[in-house]
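These figures come from a predicted structure and were not determined experimentally. Ligands are counted one by one from 1 in listed order, and the atoms in each one are counted from 1 as well.
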Amino acid sequence: MNAPMPIPGLVDPVPVPRPAVARADGRVDLMGLPRENLRALLIDAGLDPKQAKLRAKQLWHWIYNRGATDFTVMTDIAKAMHPWLIERFVIGRPEVVEAQLSSDGTRKWLLRSDDGQDYEMVFIPDADRGTLCVSSQVGCTLNCSFCHTGTMRLVRNLTAGEIVGQVMLARDTLGEWPSQPEGRLLTNIVLMGMGEPLYNFDNVRDALKLVMDGDGLALSKRRITLSTSGVIPMMARAGEEIGVNLAVSLHAVTKDVRDELVPLNKKYGLDDLLAACAAYPGANNARRITFEYVMLKDKNDSDADAHELVRLLRKHKLPAKVNLIPFNPWPGSNYECSTAERIRRFSDIVFEAGISAPVRSPRGRDIMAACGQLKSASEKKSRAQRDREMAVV
Ligand code: SAH
Ligand code: SF4
């Protein structure tokens, strides 16, 4: 079992080995800047406030509605101004190191930041929707014992630009510019990639605001889900300041088992967590909280566990749905997935109590893109091998 990380203070700090750095060429990447900051940046660069306001509005439209990465296509901005912009700014995208396609249509991208940090995003197409699974950190400090991401050594928060950049890149790949209200392939976003989003609150909030902005990517908050392992002190703020759907990685119903699986439980216990869920702003019967529950053989999958889960959800009067996730193995993991019959039985018990408990079908297992399998193993492959694989995607 992993030793729990030491967690000082009210909200745990995240080790940030390097701050997000300025680009080597000195230009500023506009990606991810809140509206006000974009305007302030133009004023700092020498525009008068009135001009800055207009230009910021135009830039915003080109960046987030049209997907532009090149200032010269911005036809409503005077040609004479293009070199001025090019000299000072860029509209960046994460670098794609590797792109993989699963036999079930799931796509996984290994991305690299300007300062050489690797992270991943996954796109999961379904008949009626397309879900982009976005990372919030490089790695994760929380060391959940069944999660591959938790074993990564290097951890840093992704910037708002790197987070929204994943959505921009997915739109590029899917050819979904300009932003359209109808007929999109990318319809939903889940913050369920690498990292604990509530340990990177400000950047996640700023990125999601851009995603939800009606003049920009224009995705409804109802189509966005943030998953947390239970960072209680940040949950109310997430509801108030972001307002997206909440998913909570519960995974166990007793202190002992949850302490082992999700070491953060030692700091923020089960009862307090469920009370915080009950108080989550915006949760109601029409917008339920999702409880994720990984199915681990002989660990958390008994009938008694299922009954206890129902009892806890009822006790806290939670508008809840339960998402049962078959455990996805990874090299070196110490757990086994519950049998299909066990998962079915567990689901039935919860369902018979009037709580929906679907089993999530694993997607992208063959390319290690399924829940909890993400870990940047890019260095193990040669450049040539990656290029060969990229060519077929
Ligand atoms: N850090 C956040 C969000 C990312 S993980 C969180 O923990 O909620 C997305 C979901 O996948 C979480 O519920 C996580 O517990 C689960 N998960 C992690 N490893 C897994 C594995 N090996 N098999 C199945 N689910 C896993
Ligand atoms: Fe981090 Fe979530 Fe993995 Fe736990 S399950 S180690 S919180 S990414």
Side-chain angles (χ1 to χ4, degrees), residues 1-5 7 12 14-15 119-122 124 131-158 163 166 189-201 204 224-232 234-235 238 244-252 257-268 273 277 289-297 299-301 321-338 343 359-365 368-376:
M1 204 208 315
N2 289 327
M5 60 174 273
I7 305 173
D12 318 334
V14 172
Y119 51 104
E120 294 181 321
M121 76 171 187
V122 177
I124 307 146
T131 307
L132 187 69
C133 180
V134 168
S135 291
S136 56
Q137 299 182 304
V138 175
C140 184
T141 52
L142 286 175
N143 296 330
C144 297
S145 55
F146 56 93
C147 174
H148 205 197
T149 306
T151 66
M152 280 176 71
R153 221 167 24 88
L154 251 187
V155 180
R156 103 145 152 73
N157 282 336
L158 291 175
I163 297 168
Q166 296 171 59
I189 292 181
V190 292
L191 269 282
M192 294 188 188
M194 290 179 173
E196 167 50 58
L198 295 188
Y199 270 11
N200 187 15
F201 184 82
V204 166
I224 304 174
T225 302
L226 183 153
S227 174
T228 179
S229 54
V231 184
I232 294 178
M234 301 309 288
M235 283 170 53
V244 295
N245 304 321
L246 183 70
V248 173
S249 295
L250 198 64
H251 303 318
V257 178
R258 196 161 192 270
D259 279 355
E260 174 189 330
L261 299 180
V262 185
L264 186 68
N265 194 62
K266 295 178 183 172
K267 185 172 171 88
Y268 304 127
L273 175 58
C277 291
I289 294 176
T290 303
F291 289 92
E292 294 158 292
Y293 198 99
V294 64
M295 297 302 297
L296 302 170
K297 189 174 184 182
K299 180 53 73 178
N300 63 358
D301 62 351
K321 57 187 170 199
V322 174
N323 219 324
L324 300 176
I325 316 177
F327 171 64
N328 292 307
W330 38 273
S333 58
N334 287 328
Y335 298 99
E336 270 181 76
C337 184
S338 311
I343 298 177
V359 182
R360 192 186 285 175
S361 47
R363 300 289 303 268
R365 267 188 180 173
M368 291 290 287
C371 302
Q373 291 186 312
L374 301 185
K375 175 173 175 171
S376 322

Checklist line | Those atoms of ligand 1 less than 4.0 Å from some heavy atom in Phe146 | finding: 15 (O), 17 (N), 18 (C), 19 (N), 20 (C), 21 (C), 22 (N), 26 (C)
Check: Which ligand 1 atoms, with their elements, are less than 4.0 angstrom from a heavy-atom of Ile325?
Finding: 24 (C), 25 (N)
Note to self: With the threshold set at under 4.0 angstrom, would you say Pro362 reaches ligand 1 through any of its heavy atoms?
What the structure shows: no
Margin query: Using heavy atoms and a 4.0 Å limit, tell me yes or no: is Tyr335 in contact with ligand 1?
Written below: no
Item checked: Close N or O approach (Cys140, ligand 1; < 3.5 Å) -> no
Side chain, backbone, both or neither: the part of [X] lying under 4.0 Å from ligand 1 by heavy atom:
{"X": "Met192", "result": "both"}
{"X": "His251", "result": "side chain"}
{"X": "Asn328", "result": "both"}
{"X": "Thr228", "result": "backbone"}

What protein heavy atom lies closest to [atom]? Include the residue and the distance to one decimal.
{"atom": "atom 19 (N) of ligand 1", "value": "Gly372 CA, 2.9 Å"}
{"atom": "atom 3 (Fe) of ligand 2", "value": "Cys147 SG, 2.4 Å"}
{"atom": "atom 4 (Fe) of ligand 2", "value": "Cys144 SG, 2.3 Å"}

Checklist line | Metal check, atom 1 (Fe) of ligand 2 vs Cys140 N/O/S, cut-off below 2.8 Å | finding: yes
Check: If hydrogens are left out, which of Ser227, Gly195, Pro197 has an atom nearest to atom 1 (N) of ligand 1, that is, the closest non-hydrogen atom?
Finding: Gly195
Next item on the list: Would you mind finding which of Ser333, Pro326, Ser249 brings a heavy atom closest to atom 7 (O) of ligand 1?
Entry: Ser249
